[in-house]
Amino acid sequence: MPHNHIIMKYSKAFIHTERTINDKLDATSHKLSIQAGLIQQVSAGLYDFLPLGHKVLSKIESVIREELNAIDCQEISMPIVQPKELWEESGRWNVYGKEMLKFKNRDEREFCFGPTHEEVVIDLVRTKITSYKQFPFTLYQIGRKFRDEMRPKNGLLRGKEFMMKDAYSFHTSNEDLDREYNALRTAYFNIFNRLGLKVIGIPADPGEIGGDGSEEVVAFSKFGEDYFIEENGVATKIEENEVEKYSATHEVYRGIEVGHIFKLGTKYSSAMNFNFVNREGKKEPVIMGCYGIGVSRIVNAILEQNNDEKGIKWPVAVAPYTLSIIPLKYQGSEFEAVALELEKAFEKVGVSTLLDDRDMGMGAKIKDSDLIGVPFKIILGKRFSEAKEFELEFRATGEKKVLVYKGEETVKEILAMI
RNA sequence: CGGGGCGUAGCGUAGUCCGGUUAUCGCGCAUGGUUUGGGACCAUGAGGUCGCAGGUUCGAAUCCUGCCGCCCCGACCA
């Protein structure tokens, strides 16, 4: 029977939490991501995503897709490995730096693991597009990037391999670029809002990627690598060594760069001979924008903003499971039937549920649920056998509600509260 | 790449300064029993190239040399 994995028995789930954590680790988010079994380190800056982490990533990706598709961005997928020739054309093969991991294949041809995809996407589009009539449009992908960071840090916060959403827009005028840039900017704030992240936009230095203007979107966190101040509602990035200077007169904030949008202009199209034919029949370089979101980094940013001493407090939009069902006993007990009944009811309405059927003490099961951050718990205990009473508990607030089980009616009651 | 720290069982650790029986403890795991509302208890058991290589020594987790890996701080990035 096909299974959508909305419903999972804990005993069958590949969920492995840790009671203790390596005391070398620093950032709260890094510790939690390992302790709650979201990720496992393979090597410095390289991580496995375990089922819980992978579910969270997928949910983040879904939110991004929905918001981008809503403004007519179109999803594509490009290869991770890229040939040297494209990078020589843009002039970046010898410029990008040691973060670009280069290698030769069996034919002695040179390639790199893509740290970004401007070259490849231009090569894709320039063969298909010739006329001004075919503009504008925006393509995006969600995939892996590789940057051979000299110092990977804090788990997913700065890995060598990471998940990124990169979008590229194509225009025949600067006005149209401005329009799309603003549309993407708005979409970004919608995305971060839905993900439950507190963020701020900061005008930025376009840096390596080059171009005419750019803005960073930064999620507040004391483990972030960006320092900034705010004045009259405008945030300004400062260097770490300027913190002392400003701290006398301003509040200095720290944050994680979760997004970055750029007006590229014609920098890459000119270099790579990417032109369109205008109304007058003459060639002009295509005007471009590019828009990044650090998808795997967002996991850390959310963790930084949503935790307590018990563990993770996932916003519902990204929680790997929405609900835990925790019976006092399961196999062969009086709780088994009702737990299954609830499970089925929630499956029907698409509420992802983790049924803790393990033969363990109630306390241990509750602690695990809280550590992995499930937003709602249904606790079936003694009072259920006595009076059909159970508890609905809210992870975010710690609030508990005692309810009486009356079948479907009760399921509706729960759905109204979660 | 500079500076600091670390590497002992699946995970977390003691021991290292000052070398000396069979390498410590907790968690987890296995078996049996007792438990069962906020990480239960008892008993028994399995599990180790002490990061790697070389050296000193009667003897090395411990001392010396070299290498590898990991974490944290700085210069760069989503």
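So that the names make sense, note that chain A is the first sequence line, chain B the second, and so on, each numbered from 1.
Which of B:C71, B:U13, B:G37 sits closest to the side chain of A:R383 comes down to B:G37. The side chain of A:A44 lies closest to B:C70, out of B:G38, B:C70, B:G26. Counting only heavy atoms from C-beta on, A:K153 has its side chain closest to B:C72 among B:C72, B:C11, B:C27. When the nucleotides B:C70, B:U13, B:U36 are ranked by their closest atom to the side chain of A:S43, B:C70 comes out on top. Closest to the side chain of A:K377, out of B:G38, B:C72, B:C27, is B:G38. Nearest nucleotide to the A:H30 side chain, out of B:C72, B:G38, B:G39: B:C72. Between B:G38, B:C6, B:G12, one nucleotide has an atom nearer to the side chain of A:K24 than all others, and that is B:C6. The A:A364 side chain lies nearest to B:G39 when the options are B:C71, B:G38, B:G39. Listed nucleotides B:G39, B:G37, B:C76 differ in distance to A:L328; the shortest reach to its side chain belongs to B:G37. For A:E257, whose side chain is taken as the heavy atoms from C-beta onward, the closest listed nucleotide among B:A78, B:G28, B:G12 is B:A78.
Going from the P atom of B:G74 to that of B:G38 covers 44 Å, rounded to whole Å. Atom P of B:A53 sits at a distance of 12 Å from the matching atom of B:U62, rounded to the whole Å. Atom name C1', nucleotides B:U65 and B:U31: the rounded distance is 48 Å, in whole Å. Nucleotides B:G39 and B:G3, compared at atom P, are 47 Å apart to the nearest Å. Annotation: B:G26 and B:C41 have their C1' atoms spaced 16 Å apart (nearest Å). Annotation: B:C71 and B:U21 have their P atoms spaced 35 Å apart (nearest Å). Of the P atoms belonging to B:A61 and B:G54, the separation is 15 Å, rounded to the nearest Å. Here, B:A46 and B:A23 have their P atoms 14 Å apart, quoted to the whole Å.
Whole-Å rounding puts the A:M100 CE to B:C77 C1' distance at 15 Å. Following rounding to the nearest Å, A:Y227 (OH) and B:G74 (C1') show an atom-to-atom distance of 11 Å. Atom pair A:Q41:CD and B:C72:C1' shows a separation of 14 Å (rounding to whole Å applied). The CD1 atom of A:I21 sits 15 Å away from the C1' atom of B:C72 (whole-angstrom rounding).
Look at B:G28: it lacks any Watson-Crick or wobble partner with both distances under 3.5 angstrom. Base pairing analysis places B:U21 opposite nothing; no Watson-Crick or G-U wobble pair with both distances below 3.5 Å involves it. Judged by Watson-Crick or G-U wobble contacts below 3.5 Å, the nucleotide B:A9 has no partner. Across every strand in view, B:G39 sits unpaired, with no contact that passes the Watson-Crick or G-U test at under 3.5 angstrom. Remark: B:A53 base-pairs with B:U65. Criterion, Watson-Crick or G-U wobble with two distances under 3.5 Å. A 3.5 Å limit on both hydrogen-bonding distances identifies B:C73 as the Watson-Crick or G-U partner of B:G2.
Contact annotation for A:G159: base contact, defined as any heavy-atom pair under 4.0 Å involving a base atom. Counting any heavy atom pair closer than 4.0 Å across all strands shown, A:L371 reaches a base atom. If you check every strand for non-hydrogen atoms under 4.0 Å, A:K160 touches nothing. Nucleic acid contact for A:D166: none, since no nucleic acid atom lies under 4.0 Å from a heavy atom of the residue. Residue contacts for A:E225: at a heavy-atom cut-off of 4.0 Å it reaches a base atom on one of the strands shown. A:E391 comes within 4.0 angstrom of a base, heavy atoms only.
Using cut-offs of 30° and 60° for the angle between ring planes, the A:Y253 and A:F228 rings count as parallel. Aromatic ring pairs are classed by plane angle as parallel below 30°, tilted from 30° to 60° and perpendicular above 60°; the pair A:Y96 and A:W87 is perpendicular.
An OP1 or OP2 oxygen of B:C72 is reached within less than 4.0 angstrom by a side-chain nitrogen or oxygen of A:N154. OP1 or OP2 of B:C73 lies within a sub-4.0 Å distance of a side-chain N or O belonging to A:R151. Of the side-chain N and O atoms in A:T116, none sit less than 4.0 angstrom from OP1 or OP2 of B:A78. For A:Q40, no side-chain nitrogen or oxygen approaches OP1 or OP2 of B:C11 to under 4.0 Å.
In terms of polar N and O atoms assigned as donor or acceptor, the side chain of A:R158 comes within less than 3.5 Å of the base of B:C76 in a complementary pairing. Counting atom types as modelled, A:D23 pairs no side-chain N or O with a base atom of B:G12 as donor and acceptor under 3.5 Å.
Between A:K98 and A:I379, the residue anchored closer to the 5' end of RNA chain B is A:K98, taking for each the nucleotide with the nearest heavy atom. In this structure, A:G294 and A:D368 both approach RNA chain B, and ranking their closest nucleotides by distance from the 5' end singles out A:D368.
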Check against side-chain contact (heavy atoms from CB on, under 4.5 Å), A:R65 and A:N69: CA-CA 6 Å; A:R65 283 197 177 91; A:N69 292 347; 4.2 Å; yes
Test side-chain contact (heavy atoms from CB on, under 4.5 Å) applied to A:M417 and A:F394, step by step: CA-CA 10 Å; A:M417 285 189 278; A:F394 301 77; 4.3 Å; yes
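A:R92 and A:E118 are joined by a salt bridge, as a carboxylate oxygen and a charged side-chain nitrogen come within less than 4.0 angstrom of each other. Salt-bridge annotation for A:D308 and A:R395: present, with a side-chain N of the basic residue lying under 4.0 Å from a carboxylate O of the acidic one. Between A:R179 and A:D176 a salt bridge is recorded (basic side-chain N to carboxylate O distance below 4.0 Å).
Cation-pi geometry between A:R126 and A:F274 is not satisfied (NZ or CZ under 6.0 Å from the ring centre, within 45° of the ring normal).
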